[in-house]
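Read the structure below first, then the notes.
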Amino acid sequence: MNSIRRIACMLLAVLLLACLIEGQLLWLDGILTDQMPADSDTGSEFEKYETLLDGVWEELVCFPVPESETNTAATVSFENTWHAERTYGGTRSHEGIDIMADLDKSGYYPVLSMMDGTVEKVGWLEKGGWRIGVRSDNGNYYYYAHLHSYVKEWQTGERVLAGEILGYMGDSGYGEEGTTEQFPVHLHVGIYIPLGADQETAVNPYWMLRYLEERKLSF
């Protein structure tokens with residue numbers, strides 16, 4: 001290939017890359033626009049969204065599942081399953097990340113609060129099983145679902161500190177109260193930010209969990 005053709009190929013590659021980047025930006029802008037009220041300023045709302053996300057990153061302290069000091073096989077793993085299809089109760093998008101137990105033992109792995117906050121919701125949900133929701137000091141909502149049990153009888157409004165045990169990983173949910181063993185043992189983690197007066201928006205916890213992998217506690 002002569003030099004002119006090489007230059008032409010390089011220019012074409014740069015042009016295609018620029019088109020892909022522009023396409024991704026338009027795609028993101030379209031999603032944000034669809035989520036905004038019709039009379040809202042998309043630019044200002046996006047700035048608010050970025051500010052709220054910064055608040056999430058600032059308050060994160062530790063990974064929600066600690067390392068075991070006595071059992072090296074008691075590890076966990078997770079993938080980016082954000083918006084993967086779920087079908088129980090109707091087709092929907094997965095609003096969170098599942099941390100899978102490499103030892104499929106319900107009630108074995110402790111579940112920790114990732115930040116300081118206040119218990120807002122606790123108890124049974126058909127899809128989430130035994131769950132607990134903690135509101136952070138910045139106003140963000142952290143949802144821990146499919147628990148086996150709680151470490152104690154949590155009360156609404158009770159204070160929670162980062163690293164404190166909330167309960168134990170399980171396989172509860174997808175049925176009436178007490179239903180278990182409908183799926184492997186895992187912890188569903190959801191994070192929601194208050195975008196609007198009466199509206200909360202789910203954000204993808206994947207990269208936050210990746211960040212917290214380097215901040216695991218041990219038990």
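Everything numeric in this text was worked out from a predicted model, so none of it was measured. The figures that follow rest on heavy atoms only: side chains count, while hydrogens, waters and symmetry mates do not.
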message: One pair to check against side chain to side chain contact (heavy atoms under 4.5 Å, CB included): Met169 and Val76. What are the steps and the verdict?
response: CA-CA 11 Å; Met169 192 187 301; Val76 297; 4.3 Å; yes
task: Test side chain to side chain contact (heavy atoms under 4.5 Å, CB included) on Glu47 and Tyr49 and set out the steps.
output: CA-CA 5 Å; Glu47 288 180 4; Tyr49 179 81; over 6 Å; no
field: side chain to side chain contact (heavy atoms under 4.5 Å, CB included) assessment of Trp207 paired with Arg210
entry: CA-CA 5 Å; Trp207 293 108; Arg210 287 287 300 273; 3.9 Å; yes
query: Under the side chain to side chain contact (heavy atoms under 4.5 Å, CB included) criterion, do Leu209 and Met114 qualify, and how do the steps go?
result: CA-CA 10 Å; Leu209 292 173; Met114 295 185 284; 4.1 Å; yes
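The structure places NZ of Lys48 at 9.0 Å from CD1 of Ile193, a figure rounded to the nearest 0.5 Å. Expressed to the nearest 0.5 Å, how far CD1 of Ile165 lies from CG of Leu161 amounts to 12.5 Å. Note that the OH atom of Tyr143 and the CD atom of Glu120 stand 13.0 Å from one another [nearest 0.5 Å].
Applying side-chain contact (heavy atoms from CB on, under 4.5 Å) to Asp116 and the options Val160, Val134, Asp137 leaves one that passes, Asp137.
Annotation for Gly96 and His188: closest pair CA-CE1, 3.7 Å, computed over non-hydrogen atoms. Closest heavy-atom contact between Pro194 and Leu52: O-CD1, 3.6 Å. Taking each heavy atom of Tyr168 and Val111 in turn, the nearest pair found is C-CG2, 4.0 Å. Between Pro66 and Pro110 the shortest heavy-atom distance is CD-O, 3.3 Å. The minimum heavy-atom distance linking Gly190 with Pro205 is given by the pair CA-CG, 4.5 Å. Heavy atoms only, all atoms of each residue included: Ala74 and Ser68 are closest at CB-CB, 4.0 Å.
In this structure, Tyr142 and Tyr144 have parallel ring planes: the angle between them is below the 30° cut-off, well short of the 60° mark. Ring pair Trp124/Trp130 is perpendicular by interplanar angle, where above 60° counts as perpendicular and below 30° as parallel. Using the six-membered ring where Trp is involved, Tyr141 and Tyr192 have ring planes that are tilted, between 30° and 60° apart.
Side chain of Tyr174 to main chain of Gly128: no donor-acceptor pair is present (N/O by atom type, distance under 3.5 Å, no hydrogens or angles). A donor-acceptor pair under 3.5 Å is absent between the side-chain atoms of His186 and the main chain of Asp98, judged by distance alone. A donor-acceptor pair under 3.5 Å is absent between the side-chain atoms of Ser172 and the main chain of His148, judged by distance alone. At distances below 3.5 Å, not a single donor-acceptor pair connects side-chain atoms of Asp171 with backbone N or O atoms of Thr180. Of the possible polar contacts, one joining the Tyr109 side chain to the Leu103 backbone as a donor-acceptor pair under 3.5 Å is found. Arg135 places no side-chain N or O within 3.5 Å of a backbone atom of Val119 that could act as its donor or acceptor partner.
Heavy atoms of other residues, nucleotides or ligands lying less than 6.0 angstrom from CD of Glu181 number 12 at most. Residue Glu176 qualifies as open at atom CD: its count of foreign heavy atoms under 6.0 Å is 12 or below.
In this model, no donor atom of one side chain and acceptor atom of the other lie less than 3.5 Å apart for Asn138 and Glu58.
With a 4.5 Å cut-off on side-chain heavy atoms, Lys105 and Val185 do not count as touching. For the pair Phe78 and Val189, the minimum side-chain heavy-atom distance is 4.5 Å or more.
In this structure, Glu95 does not pair ionically with Lys127, as no charged nitrogen and carboxylate oxygen lie closer than 4.0 Å.
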